[in-house]
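Read through the structure below, which is laid out as structure tokens, and then see the notes.
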Amino acid sequence: MASGGASLALAALLLVSCASAAAATKYTVGDTSGWTTSGDYATWASGKKFNVGDSLEFKYTGGAHTVDEVSAADYAACSSSNAISTDSAGSTTVTLKTAGKHYFICGVAGHCSSGMKLVVDVATAKAATPAPAPAPALTPAPDAADTTPDTTPATNPKSPSSSGGKTPVTVLSPPGKKSTSGATGLSAAAWAGLGLAGLVAVHLGAF
Ligand SMILES: [Cu+2]
């Protein structure tokens, strides 16, 4: 039961991760125009819904521009001196790992002020929490705890008397049960015969 619940939870987790991976979108900044001084990235970003896990691909001529992620203040000031990250390889892919606003500018002098700046507002990804997982895991636990104490004390009181004490107990019980109904019909001889047969049967069974 516990392992079944665990595998259910694992399956749910795999489904969630697969779903989020499939939902991740890769955006080419500026589309076919790429990352250039003539781009209008406010217009490009407007109407797009960015989620955690999505990625931005900046396409430009390597060395001609940079992609710097900066703070809101540095974005406004077009300053890349305290950039969070920078790249100038020519094709820069940035995965949006956290929700909130992410600011990107080009660090080449004059480029940011001429429009090479992009801000994206990343929404928090919908987290499908595995709610059903804790319920099945908890249910079997009390059941197992109940059965264990029941069987353990039952066998323990019998064993201290003697290890072979089980045999006389079973021999005596069949006449005891029938004595209520057999008091009217059965004779003492019949009872003795039954007891003897029972003893023989028990001994044969024991050996
Ligand atoms: Cu530039």
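Since the structure is predicted, the reported quantities are computational estimates derived from the model, not experimental observations. All ligand and atom numbering here is 1-based and tracks the order in the structure.
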* With a cut-off of 2.8 Å, does any N, O or S atom of Cys106 fall short of it relative to the Cu ion (ligand 1)? -> yes
* Asked: Regarding Thr92 and Tyr60, is there a side-chain donor-to-acceptor distance under 3.5 Å anywhere?
  -> yes
* **Check against ring-ring contact (aromatic ring centres under 6.0 Å, His included), Phe50 and Tyr27** => CA-CA 9 Å; Phe50 301 96; Tyr27 293 97; 4.8 Å; yes
* To do: Give the name of the N/O/S atom in His111 that lies closest to the Cu ion (ligand 1).
  => ND1
* Asked: Do the ring centers of Tyr41 and Trp35 come within less than 6.0 Å of each other?
  -> yes
* Looking at His65, which of its N, O or S atoms is the nearest one to the Cu ion (ligand 1)? -> ND1
* Neighbour count >12 (heavy atoms, 6.0 Å) for atom NZ, Lys48 -> yes
